[in-house]
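Notes to accompany the following structure.
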Amino acid sequence: MPRRTRGRQIKGCEWCGHPIGAERGPAAKTCSPECERDRNNAREKARYQRVKDTPEWKATRADYLRRLRERAAADPDFAARQAAARRAAVRRYYDRLTPEQLETYRASRRDWYRNLTPEKKAARKYWYGSLSLELKRLFLLELRQARALQRLQEVNALSGRRVRWDHANDHLLGTMPDGELAAMLAVSIQTIKYHRLSQGIELRRRGGEWTEDEIKLLGTDADRVIAEKLGRSAASVTLRRLRLGIAAARRTGRLSIQPGAPQAIRISDEMRELFAELEPLLLPRYQGAGLPVDRLEPWQITEIALRELLATLRKSKARGRI
């Protein structure tokens, strides 16, 4: 039974059990702000586990994700901040992992992929194959950079000297200061500067700040043309446009759509019915590939249908049927 001292009952901390001092006040449940924070976090986690996967929780989460998607579609700056925050959170998570935990995670991912059915593996390959060329070039850019750096460092350690320039890394020229790229690829800064200038690539301004006038040019013409106008690399222009959710300048035959020209296609009621019939047939391919999507946009359905139609016509033409 708690003992009393001068008429006050001494209570124990609900988190660590230590006595609660008089400076915490009579209503305090913990002995320190740290214990109070840990106690509140534990209670919130327990509450989350109780309500998780309930119908109310699923409905609230679906509504929250829907509002996030709508805001990201309407505000490119918000979408860019969200993407940067996700990448930073993933990096912080991996930084906290020990080498043993990281290897365990990688082994689990390898086992997960080996256990996929052939249909799901084919769906994943189909999804990657349906990406545009610009997305494929930037999809694993960081991974390619890390692997290239690892290979060059291994060669550098074995030979005891700096390696020669590999033209497979030309796409990195101008995307960062010459000194940083030289340190990353284990070559001299003179080599970086020579190859950059010989290809006519201007150095990206330090900090990479984009002005409003520069952002307005994105998507109005080919990325390489805009890169020449702005004095930036084509890769940096493409990456910035994708981060802001700006579509590339589309071409119709030999004529490109000019700025200000109508780029929207009116969707009739018959087309909506076709989209509604095609969506449940195409959606399992994305979901089977492990992508967290619950619906397909009309332009996605159109692109998939056109790609399959083109593939079918090419096969028929190759066989001499048309």
Side-chain angles (χ1 to χ4, degrees), residues 13-18 29-54 57-58 60-62 64-65 67-69 71-72 77-116 120 124 127-128 135 137-154 156-157 169 172 175-177 179-186 206-208 235-236 239-240 242-245 287 289-294:
C13 177
E14 292 185 359
W15 184 252
C16 66
H18 291 172
K29 303 295 184 181
T30 56
C31 62
S32 65
E34 291 76 13
C35 287
E36 182 179 4
R37 179 198 61 201
D38 295 339
R39 169 179 171 272
N40 293 340
N41 289 343
R43 295 178 64 181
E44 182 62 24
K45 289 180 180 179
R47 186 194 69 82
Y48 177 76
Q49 293 299 327
R50 289 196 303 269
V51 303
K52 185 180 179 182
D53 294 333
T54 60
W57 179 87
K58 292 181 179 179
T60 303
R61 186 172 186 272
Y64 170 71
L65 295 178
R67 288 187 283 109
L68 273 184
R69 289 193 297 267
R71 182 177 177 185
D77 292 335
F78 174 77
R81 292 195 301 270
Q82 286 292 101
R86 286 194 296 268
R87 289 193 296 269
V90 171
R91 292 192 187 99
R92 289 194 300 269
Y93 171 75
Y94 281 113
D95 291 341
R96 291 195 301 266
L97 295 180
T98 63
E100 293 78 12
Q101 292 174 332
L102 187 59
E103 181 58 31
T104 302
Y105 170 76
R106 290 174 176 172
S108 66
R109 295 297 297 176
R110 289 194 293 267
D111 294 339
W112 169 81
Y113 185 76
R114 293 192 190 101
N115 294 330
L116 285 180
K120 290 187 177 181
R124 290 174 62 85
W127 169 80
Y128 182 78
L135 277 177
R137 290 175 178 173
L138 298 173
F139 192 72
L140 300 176
L141 179 60
E142 295 183 358
L143 179 60
R144 293 201 305 269
Q145 292 176 352
R147 289 178 176 175
L149 174 60
Q150 181 180 2
R151 290 194 298 268
L152 289 172
Q153 288 178 343
E154 291 175 355
N156 188 24
N169 297 320
L172 299 177
T175 60
M176 63 184 71
E180 295 181 9
L181 184 58
M184 188 184 77
L185 299 180
R206 183 173 293 276
S236 64
L239 185 60
R240 185 64 179 181
L242 293 175
R243 284 178 176 174
L244 295 179
Q287 295 176 339
L291 298 177
V293 293
D294 53 0

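Worth knowing before you read on, the calculation uses all heavy atoms, side chains too, and leaves out hydrogens, waters and symmetry mates.
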Euclidean distance, Thr54 OG1 relative to Arg61 CZ, rounded to 0.5 Å: 12.5 Å
Applying side chain to side chain contact (heavy atoms under 4.5 Å, CB included), name anything that partners [X], two or more places apart in sequence or on another chain.
{"X": "Thr98", "result": "Glu100, Gln101"}
{"X": "Ser32", "result": "Glu34, Cys35"}
{"X": "Lys52", "result": "Tyr48, Gln49, Trp57"}
{"X": "Arg39", "result": "Glu14, Trp15, Lys29, Thr30, Arg43"}

Test of understanding: with salt bridge (charged side-chain N to carboxylate O under 4.0 Å, His left out), list the residues that count as partners of Asp95, not counting sequence neighbours. none
Going by the rule salt bridge (charged side-chain N to carboxylate O under 4.0 Å, His left out), which residues pair with Arg47 if we only count those two or more places apart in sequence or in a different chain? Glu44
Is it the case that more than 12 heavy atoms not belonging to Arg106 sit under 6.0 Å from its CZ atom? no
Validation row: Asp111, Arg114 side chains within 4.5 angstrom (heavy atoms):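 In short, these two side chains touch, coming nearer than 4.5 Å.
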